[in-house]
A.B. asks: 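Structure below; questions to follow.
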Amino acid sequence: MNQGPPSSVLLFAAGFGTRMAPLTDTMPKPLIRVDGRALIDHARDLCHGLHQVANVHYRADQLRKHLHGSDVLISDETDLLRDTGGGLKHALPLLQGDPVYTLNTDAVWTKETALSVLRNAWEPDRMEGLLLLVRRENAIGHHGTSGFDRGTDGRLTKGPGFVYTGAQIIRTERLTDISDTTFSMWSLWTGMLQRGTLFGAIYDGQWCDVGYPDAIPLAEAVLRKGADV
C-alpha cells in the first residue's frame, strides 16, 4: 500500500449548509459564489494534478450539473448523509491509493499552497494523520473555540492553540474497523491522538471559514490579499 504523498483528494460537498441559510435554501453551499466563483471551484484550485472525488447529498443534482464535464468523480450519498468519516469510508472505492487528502469546500485561502504544505510535511513512517492548521489570528471569520495544540515534534493534542482548516492527509486502513455508517472524522482522530500518530502542519497564510453569509465579504477580502501576494 502506498504510504507516500497522496494522489487522491476527497472534496466534502454533501452537507446541508444550515449556517449559510437563507442562501442554502435553494442551492448547496459548495455552489455559493465568492468573488464570482463557486466555493467548490476555489477548493479545486488547491487540487491541481490530483485525482478528485466529491461527495454529494443535499441538492446533489445541482452539484452534478456544475461538475459535469470535469474530471471529478461523484461519491453519491443521496440515500444517506454519512458525516465526514462515513463519507470518506463510502468514497474509498473511488479514491486511488492510501493515504488520501480530504478537503472541506467552504473556505478560501490567500495562497494555493495548502496541500503542498501537507505534502512536504508528510512522514509516513510515523504519521497516520496530518492536519493543516492555522494560527488563530489568521483564521478569518472563524468563531469556534476548539482546536489543537501542537508539540515541538508536531504531534497534536486537543487544545485552543491552532484552528483546523479542513485540509488533511489521512491513512484510511483503520476505517474498516469502524462498523458505523455515519460518523465523524473524530472516530479516526481519537485513536490517532491516543497512539501519538496525529500531527499538524502550519499554513502561514490567511484562511477564511465561509460558513455563513456575512463571511462572504471577508472571504473576498482574503482572496484580494492573496492576489497581491
Side-chain angles (χ1 to χ4, degrees), residues 1-12 43 45-50 83-85 88 95 97-175 177-178 183-211 218-219 222 225-226 229:
M1 184 175 292
N2 172 36
Q3 296 295 343
S7 60
S8 291
V9 58
L10 175 60
L11 298 158
F12 286 122
D45 286 345
L46 309 179
C47 303
H48 294 301
L50 294 175
D83 206 340
T84 50
L88 175 57
L95 294 164
D98 182 35
V100 299
Y101 294 103
T102 75
L103 181 64
N104 293 352
T105 57
D106 57 355
V108 300
W109 313 68
T110 50
K111 295 182 278 187
E112 296 179 7
T113 57
L115 299 191
S116 297
V117 173
L118 287 173
R119 182 179 66 247
N120 293 337
W122 177 246
E123 297 182 44
D125 290 340
R126 65 178 187 144
M127 298 177 179
E128 288 188 278
L130 178 64
L131 310 189
L132 191 60
L133 309 175
V134 67
R135 295 175 177 83
R136 289 200 170 269
E137 61 268 25
N138 288 332
I140 309 303
H142 182 74
H143 300 313
T145 57
S146 62
F148 293 92
D149 289 334
R150 182 175 181 269
T152 55
D153 62 354
R155 283 186 172 86
L156 298 184
T157 55
K158 290 183 181 180
F162 294 92
V163 175
Y164 173 53
T165 62
Q168 67 173 333
I169 293 175
I170 192 159
R171 288 162 58 174
T172 63
E173 62 263 31
R174 292 186 186 271
L175 284 169
D177 298 333
I178 301 173
F183 57 94
S184 80
M185 204 61 67
W186 276 103
S187 295
L188 285 174
W189 289 347
T190 297
M192 294 177 189
L193 287 169
Q194 293 169 349
R195 292 186 292 274
T197 57
L198 187 64
F199 288 75
I202 308 301
Y203 174 75
D204 64 2
Q206 286 189 332
W207 164 88
C208 185
D209 177 7
V210 194
L218 299 177
V222 166
K225 181 174 182 178
V229 172

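Since the structure is predicted, the reported quantities are computational estimates derived from the model, not experimental observations. Atom set for the values below is all heavy atoms of this structure, side chains included, hydrogens, waters and symmetry mates excluded.
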A.B. asks: Rounded at 0.5 Å granularity, tell me how far CG in Leu188 sits from CZ in Arg174.
C.D. replies: 9.0 Å

A.B. asks: Is the side chain of Asp149 donor-acceptor paired with the backbone N or O of Thr157 at a distance under 3.5 Å, no angle test?
C.D. replies: no

A.B. asks: Say whether, by atom type as modelled, one donor and one acceptor occur between the side chain of Thr105 and the main chain of Phe12 under 3.5 angstrom.
C.D. replies: yes

A.B. asks: Could you label the plane-to-plane angle of the Tyr164 and Trp189 rings as parallel, tilted or perpendicular, counting under 30° as parallel and over 60° as perpendicular?
C.D. replies: perpendicular

A.B. asks: For Thr84 and Met185, indicate whether the former's side chain and the latter's backbone hold a donor-acceptor pair under 3.5 Å.
C.D. replies: yes

A.B. asks: Under 3.5 Å, is there a donor-acceptor pair between the side chain of Thr110 and the main chain of Lys225?
C.D. replies: no

A.B. asks: Can you tell me how far CG of Leu115 sits from NE2 of His48, rounded to the nearest 0.5 angstrom?
C.D. replies: 10.5 Å

A.B. asks: At what distance, to the nearest 0.5 angstrom, does CG of Asn138 lie from CH2 of Trp109?
C.D. replies: 11.5 Å

A.B. asks: Apply side chain to side chain contact (heavy atoms under 4.5 Å, CB included) to Leu132 and Tyr101, showing your working.
C.D. replies: CA-CA 11 Å; Leu132 191 60; Tyr101 294 103; over 6 Å; no

A.B. asks: For Leu130 and Phe199, run side chain to side chain contact (heavy atoms under 4.5 Å, CB included): C-alpha distance rounded to whole Å, both residues' side-chain angles, the deciding distance at 0.1 Å, then the answer.
C.D. replies: CA-CA 5 Å; Leu130 178 64; Phe199 288 75; 3.8 Å; yes

A.B. asks: How far apart are the closest heavy atoms of Thr102 and Gln168, and which atoms are they?
C.D. replies: OG1-NE2, 2.9 Å

A.B. asks: Kindly give the heavy-atom pair with the smallest separation between Pro6 and Pro99, and that separation in Å.
C.D. replies: CB-O, 3.4 Å

A.B. asks: With Val100, which of Leu50, Leu95, Ile169 fulfils side chain to side chain contact (heavy atoms under 4.5 Å, CB included)?
C.D. replies: Leu95

A.B. asks: Could you pull out the closest heavy-atom pair between Arg119 and Pro5, with the gap in Å?
C.D. replies: CG-CB, 3.6 Å

A.B. asks: Between atom CZ of Arg135 and atom CZ of Phe162, what is the distance when rounded to the nearest 0.5 Å?
C.D. replies: 5.5 Å

A.B. asks: Of all heavy-atom pairs between Leu118 and Ala167, which one has the smallest distance, and what is that distance?
C.D. replies: CD1-C, 3.9 Å

A.B. asks: Just how far is it from atom OG1 of Thr165 to atom CG of Leu131, taken to the nearest 0.5 Å?
C.D. replies: 8.0 Å

A.B. asks: So, taking the atom named CG in Leu175 and the one named CG in Leu88, what distance separates them when rounded to the nearest 0.5 Å?
C.D. replies: 5.0 Å

A.B. asks: Using modelled atom types only, decide if a donor and an acceptor are shared between the side chain of Tyr203 and the backbone of Lys111 within a distance under 3.5 Å.
C.D. replies: yes

A.B. asks: Which atom pair, heavy atoms only, marks the closest approach of Gly200 to Leu133?
C.D. replies: CA-CD1, 4.1 Å

A.B. asks: Among Arg171, Arg126, Glu128, Arg155, find the residue that satisfies the side chain to side chain donor-acceptor pair (under 3.5 Å) test when tested with Thr197.
C.D. replies: Glu128

A.B. asks: If I compare all heavy atoms of Val134 with all of Gly205, which pair ends up nearest, and what's the gap?
C.D. replies: CG2-O, 3.8 Å

